[in-house]
2 protein chains.
Amino acid sequence: MNVERAKSTRLTRPTPSELGVLRVLWRLGPATVRDVHEALNAREPTGYTTALKFLQIMHGKGLVERDESRRAHVYKARLTQAQAQSQMTSQLVDGVFDGSTSKLVLSALGGSSRTTPEELAQIREMLDRLDGVEK
Amino acid sequence: MNVERAKSTRLTRPTPSELGVLRVLWRLGPATVRDVHEALNAREPTGYTTALKFLQIMHGKGLVERDESRRAHVYKARLTQAQAQSQMTSQLVDGVFDGSTSKLVLSALGGSSRTTPEELAQIREMLDRLDGVEK
DNA sequence: CGTAATCTACGAAGCCTTTCGTGCCTTCGG
DNA sequence: CCGAAGGCACGAAAGGCTTCGTAGATTACG
């Protein structure tokens, strides 16, 4: 009881491992299987065909696009990191924070306390901007 | 190559469906299979034994505890909602926000803009408190 | 008491993820 | 031209998640 097929509008959400691949693509930009494999393999020993399969599957799901004009296909994330971030964030908000963004923010800030003054200032800026828009 | 068994210290993280069960337990407090099933079933048609199996599995994983003193066992979440929230939040931060809490906060606030002035005020308070601690 | 209702424990099917191995092309160096 | 290297597509195994069906006990009640 799920999933839109084939059409490009809705993207299925990445699995944990697929997220790993996306992270590599975000960092490297368009990359070949070899590139991705080397990146993954550096972090944890992994077979070449494993990387290949991931890219293929993700292509099937529409998570990446690929350029087949060269022998070694070149893959490219179809979602920017920012898009993935906001998608997964609202997912978390809906799933665990009763839909309340502020609860998430409070929990994030309160819990970790590993936030620098500069970052806090940035957040304040954002708050000001929101207040501005607010009527 | 994972998972600590049996001992109570480390909790495996809940799957999506398990989260649904936990949400029910957080809302109802200690509850029987019947209670949980009714809650789940209200949202989406589901078999009784499905709920039962979830609770059993979750008990095996240490996600819930159970009181077997009555015929209908009574289950209880082993994690408070707040704990789950902060656990899953830091997971998201590590996984998608390069470990930066502030990036998450900015994305959450910027993306949805479904935050009331009261909530913004609450966040400001939290910021002040953090500044206070910050020497 | 006997039957119906409740409950738990299993087991198993179906689908998704993750990980590779093989087979079959294509390209490149000598 | 030939063999080795590099690449892609498949297929398949192992394990996890989700969903139930069935079986066997226990309890409630007319």
Side-chain angles (χ1 to χ4, degrees), chain A residues 1-6 10-24 30-76 88 91 95, chain B residues 1-5 10-24 30-76 88 95:
Chain A
M1 79 297 277
N2 55 359
V3 220
E4 289 293 275
R5 272 278 74 73
R10 273 273 158 270
L11 305 221
T12 40
R13 81 178 179 76
T15 69
S17 298
E18 287 169 353
L19 229 196
V21 173
L22 284 179
R23 279 219 291 276
V24 170
T32 64
V33 175
R34 167 161 299 276
D35 296 330
V36 172
H37 170 244
E38 273 165 11
L40 293 180
N41 197 52
R43 183 169 301 279
E44 169 163 30
T46 263
Y48 174 89
T49 50
T50 300
L52 170 63
K53 188 66 167 197
F54 274 132
L55 265 336
Q56 284 173 163
I57 290 177
M58 292 171 74
H59 180 241
K61 290 184 179 175
L63 284 171
V64 298
E65 21 184 283
R66 92 177 148 186
D67 172 2
E68 313 186 358
S69 65
R70 303 176 180 288
R71 181 150 108 97
H73 299 172
V74 174
Y75 291 85
K76 178 162 164 283
M88 303 192 73
Q91 212 160 217
Chain B
M1 81 300 270
N2 53 358
V3 221
E4 288 294 275
R5 271 279 74 73
R10 272 273 158 272
L11 305 221
T12 40
R13 80 177 180 78
T15 69
S17 297
E18 287 168 351
L19 230 196
V21 173
L22 284 179
R23 279 217 292 274
V24 170
T32 64
V33 175
R34 169 161 300 277
D35 296 331
V36 172
H37 170 245
E38 271 165 13
L40 293 180
N41 197 52
R43 183 169 301 281
E44 168 163 32
T46 259
Y48 174 89
T49 49
T50 301
L52 171 63
K53 188 66 166 198
F54 274 131
L55 263 337
Q56 285 174 163
I57 289 177
M58 291 171 74
H59 179 241
K61 289 184 179 176
L63 284 171
V64 299
E65 20 186 284
R66 93 179 146 185
D67 172 2
E68 313 185 358
S69 65
R70 303 174 180 288
R71 179 148 108 98
H73 299 171
V74 175
Y75 291 85
K76 176 162 164 286
M88 303 192 74

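Order of the sequence lines fixes the chain letters, A, B, ..., with proteins taken first and strands second; residue numbering starts at 1 for each chain.
Listed nucleotides C:dT19, C:dT8, D:dC8 differ in distance to A:Ser17; the shortest reach to its side chain belongs to C:dT19. Side chain of B:His73, nearest nucleotide from C:dT8, C:dT17, D:dT18: C:dT8. Listed nucleotides C:dA9, D:dG6, C:dT19 differ in distance to A:Arg34; the shortest reach to its side chain belongs to D:dG6.
Nearest heavy atoms, A:Val21 versus A:Leu55: CG1-CD1, 3.8 Å. When all heavy atoms are compared, the tightest approach of B:Thr12 to B:Leu63 is O-CD2, 3.2 Å. When every heavy atom of A:Pro14 is checked against every heavy atom of A:Leu19, the shortest pair comes out as CB-N, 4.1 Å.
Looking at B:Asn41, its side chain does come within 3.5 Å of a backbone N or O of B:Thr46 through a donor-acceptor pair.
Put simply, B:Lys53 has no side-chain N or O that comes within less than 4.0 Å of OP1 or OP2 on C:dA12. Using a 4.0 Å cut-off, no side-chain N or O of B:Gln56 falls inside it from OP1 or OP2 of C:dT8. Taking side-chain N and O atoms only, A:Thr50 has no distance below 4.0 Å to OP1 or OP2 of C:dT18. Between C:dA9 and B:Arg66, a contact under 4.0 Å exists linking OP1 or OP2 to a side-chain N or O. In this structure, B:Tyr48 reaches the C:dT8 phosphate: one of its side-chain N or O atoms is under 4.0 Å from OP1 or OP2.
At whole-Å resolution of the value, CE in B:Met58 and P in C:dA9 are 16 Å apart. The interatomic distance linking A:Leu40 (CG) with C:dT17 (P) rounds to 17 Å, in whole Å. For the pair B:Leu55 CG and C:dC7 P, the interatomic distance rounds to 13 Å; values are reported in whole Å. In this structure, the CG atom of A:Leu19 is 19 Å from the P atom of C:dC16, given to the nearest Å. Protein atom CZ of B:Phe54 is 18 Å distant from nucleotide atom P of C:dC10, rounded to whole Å. At whole-Å resolution of the value, NE2 in A:His37 and P in C:dT18 are 16 Å apart. Distance, A:Arg70 CZ to D:dC8 C1': 17 Å, rounded to whole Å. Distance CD1 (A:Ile57) to P (D:dA9): 12 Å, rounded to an integer number of Å.
If you run side chain to side chain donor-acceptor pair (under 3.5 Å) between B:Tyr75 and each of B:Arg66, B:Gln56, B:His59, B:Glu65, only B:Arg66 comes through.
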(Q) Determine whether B:Thr32 and B:His37 satisfy the following criterion, side-chain contact (heavy atoms from CB on, under 4.5 Å), listing intermediate values before the conclusion. (A) CA-CA 8 Å; B:Thr32 64; B:His37 170 245; over 6 Å; no
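Where A:Gly47 and A:Arg13 each meet DNA chain C at their nearest nucleotide, the meeting point lying more 5' is that of A:Arg13.
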What N/O pairs connect the protein and nucleotides 21-30 of chain C at under 3.5 Å? Give each pair on its own line.
from, atom 1, to, atom 2, distance (Å)
C:dG21, N7, A:Thr49, OG1, 3.4

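The salt bridge (charged side-chain N to carboxylate O under 4.0 Å, His left out) contacts involving residues 15-24 of chain B comprise B:Glu18-B:Lys61, where partners must be two or more places apart or lie in separate chains.
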